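Chain A is the first sequence line, chain B the second, and so forth, proteins listed ahead of strands; every chain is numbered from 1. For clarity, every value in this text was computed on a predicted model and none was experimentally measured.
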Amino acid sequence: MEPNIKLKMTLPRIPDIELVAIEGLDRMARHMGIPEEKIGEAHVLVTEAVINAFEHSGQSRPVVRIEFTMNQEKLIIFVRDYGKGFDPGAVEQPDIDKKLSSGHKRGWGLKLMETMSDDLLIESDDKGTRITIIKNLK
Amino acid sequence: MEPNIKLKMTLPRIPDIELVAIEGLDRMARHMGIPEEKIGEAHVLVTEAVINAFEHSGQSRPVVRIEFTMNQEKLIIFVRDYGKGFDPGAVEQPDIDKKLSSGHKRGWGLKLMETMSDDLLIESDDKGTRITIIKNLK
Amino acid sequence: MEAEFALKTEVRGDVLIMATSGYVNNDGGQQIASVFEEYHAKGFSRVVMDMKESKVVNSIGISFLIEVIEKLNDNNGKLIFANLAPSIEKTLSIMGLFNYAAKESSVDKALAALA
Amino acid sequence: MEAEFALKTEVRGDVLIMATSGYVNNDGGQQIASVFEEYHAKGFSRVVMDMKESKVVNSIGISFLIEVIEKLNDNNGKLIFANLAPSIEKTLSIMGLFNYAAKESSVDKALAALA
Ligand SMILES: Nc1ncnc2c1ncn2[C@@H]1O[C@H](COP(=O)(O)OP(=O)(O)O)[C@@H](O)[C@H]1O
Ligand SMILES: Nc1ncnc2c1ncn2[C@@H]1O[C@H](COP(=O)(O)OP(=O)(O)O)[C@@H](O)[C@H]1O
């Protein structure tokens with residue numbers, strides 16, 4: 001069996017930098033022959049995790065680390081910021097009916113990550129947040 | 001003045017992975033408003049350095065580290081492998097007249113890097129090779 | 001690699017067709033909302049969102065579509081998505097947008113559904 | 001992002017036009033050399049390399065063009081590059097390829113130069 005392949009990046013905060021992580025993921029996935037449908041879902045996981053890490057972390061000169069570990073069966077995405085952290089349990093579940101009449105339309109990232117992943121672990125404290133996402137590829 | 005921005009990657013050995021580094025460089029350069037012509041030349045520097053690091057390093061499970069540091073004036077590209085190293089002084093200068101009648105058409109990477117960069121430093125020993133490339137962007 | 005966001009608009013009868021290309025990010029979502037607003041103010045209330053040339057979206061960009069749906073709901077309007085990539089369709093579905101908007105596999109089918 | 005390498009060929013009179021798209025890497029260079037070889041064996045000795053759709057090359061890919069030039073030299077053939085991106089032009093220039101091959105800003109101009 002092909003062993004794990006691994007790609008690590010430390011990203012600067014510039015517009016659309018999450019697309020660089022996606023490009024790396026795409027090359028790995030194509031090399032491993034992963035179905036397009038799984039790759040598309042992994043895009044969502046990466047995009048939402050990286051955007052959150054930059055946007056909510058409250059670092060003055062933010063960097064975000066991302067690591068992909070992939071084999072034929074599984075993709076593990078690890079995203080880390082060095083920001084202020086948060087309590088995932090305290091985040092309200094978004095609901096389209098309420099959003100329609102609310103001024104706050106956002107708040108979908110965590111829900112998308114939870115639904116599209118096979119496992120999601122959030123570790124967060126005042127030193128920052130680490131998100132580990134498992135996505136089955138079969 | 002806009003401070004330095006920095007992007008780091010640790011790349012796995014898969015086909016065309018150098019294009020992921022180029023994608024990162026492109027996003028940084030576009031954000032900083034770097035002229036297309038300079039970006040194109042930086043592509044060559046990245047491509048040749050990454051290919052060499054994978055191809056000649058002789059590692060059984062090779063990884064290559066690359067770091068970009070960019071401001072309005074300058075790009076610094078740092079590429080590191082953990083391979084067997086080489087003696088840059090012992091590398092023969094390629095010459096098109098000789099290549100035409102030779103069976104060995106390759107051997108252009110270092111010359112391209114030297115010519116397109118503003119400064120190039122190679123440190124190499126039996127623990128691997130580090131190449132530091134400076135490219136002026138003005 | 002996904003391209004920069006761009007938006008093209010076309011009017012067919014009383015239907016507004018907005019066709020995205022590239023990454024639907026925050027800016028992209030804002031553009032969609034403000035172009036829609038312009039036409040909505042002129043009375044358009046039937047909209048086709050053609051996303052054929054977009055392969056990547058983010059939830060911030062898509063949240064602007066909730067604004068579009070809200071305004072259409074206020075005057076019996078209708079939004080139909082067309083040409084959705086599977087992962088975008090899944091994103092919109094998780095967000096519950098198909099409770100308030102339809103989807104079709106092509107712009108022609110979307111136009112037929114509105115006719 | 002640069003696309004995968006692809007090669008299209010076209011024959012105009014006794015001129016072979018090869019048009020690349022995407023990243024000219026090792027595989028790409030090999031494809032160019034072997035398609036050229038096929039036509040060369042049939043007697044083609046005038047070649048236009050249209051590189052309009054390639055923005056990135058590497059030195060391994062390009063080194064296969066030295067092979068093409070060598071074979072053309074052997075029977076008074078001629079190679080003209082067309083539509084080179086500035087950084088590719090610089091790469092070929094550093095390698096000294098323009099001592100043995102010409103360049104033009106379009107395929108039409110290259111064909112005119114061969115006529
Ligand atoms: N990396 C993070 N650091 C700090 N807070 C976070 C992080 N990720 C998410 N959060 C918190 O969780 C909330 C919900 O995030 P999410 O569901 O992605 O929606 P949105 O980003 O649109 O608010 C955010 O508003 C933020 O308060
Ligand atoms: N990172 C490296 N590790 C070990 N050897 C290297 C490295 N980079 C270059 N070399 C040596 O220098 C030679 C010349 O490299 P280069 O000019 O790029 O041409 P090519 O890669 O086509 O041989 C290589 O053949 C190799 O022996």
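For A/E48, the part lying near chain C is the side chain, with the backbone staying farther off; criterion is any non-hydrogen pair under 4.5 Å. With a 4.5 Å cut-off on non-hydrogen atoms, A/I51 touches chain C through its side chain but not through its backbone. If you measure heavy-atom distances from A/D97 to chain C, the contacts under 4.5 Å come from both the backbone and the side chain. Within the 4.5 angstrom heavy-atom criterion, only side-chain atoms of A/E55, from C-beta onward, approach chain C. Only the side chain of C/Y100 comes within contact range of chain A, with at least one heavy atom under 4.5 Å from a heavy atom of that chain.
Note on C/V57, C/L97, C/N58: by heavy-atom pairs under 4.5 Å with chain A, the leading option is C/N58. Your options are A/L100, A/T47, A/D16, and the one with the most heavy-atom pairs under 4.5 Å with chain C is A/L100. In terms of heavy-atom pairs under 4.5 Å with chain C, the best-connected choice from A/I39, A/L112, A/V44 is A/L112. The residue among A/G107, A/G40, A/A42 with the most heavy atom pairs within less than 4.5 Å of chain C is A/G40. No other option in A/E41, A/K99, A/E37 has as many heavy-atom pairs under 4.5 Å with chain C as A/E41. Chain A forms more heavy-atom pairs under 4.5 Å with one residue of C/N26, C/D27, C/I60 than with any other, namely C/I60.
Residues C/E53 and C/K8 are not in side-chain contact: their nearest non-hydrogen atoms beyond the backbone lie 4.5 Å or more apart. Taking the side chain as every heavy atom from C-beta outward, A/L11 and A/F54 approach each other to under 4.5 Å.
Using a cutoff of 4.0 Å between basic side-chain nitrogens and carboxylate oxygens, C/K71 and C/E37 are scored as salt-bridged.
The minimum heavy-atom distance between C/M51 and C/I62, with the atom names listed, is CE-CD1, 4.5 Å.
For the atom pair OG1 (A/T132) and CG (A/L121), the distance works out to 5.0 Å, reported to the nearest 0.5 Å. Here the CG-OG1 distance, from C/D50 to C/T9, works out to 12.5 Å after rounding to the nearest 0.5 Å.
By the 6.0 Å contact criterion, CG on C/N75 is enclosed, its count of non-hydrogen atoms from other residues, nucleotides or ligands being greater than 12.
A/T69 pairs with exactly one of A/K74, A/K6, A/K8 by the side chain to side chain donor-acceptor pair (under 3.5 Å) rule, that one being A/K6.
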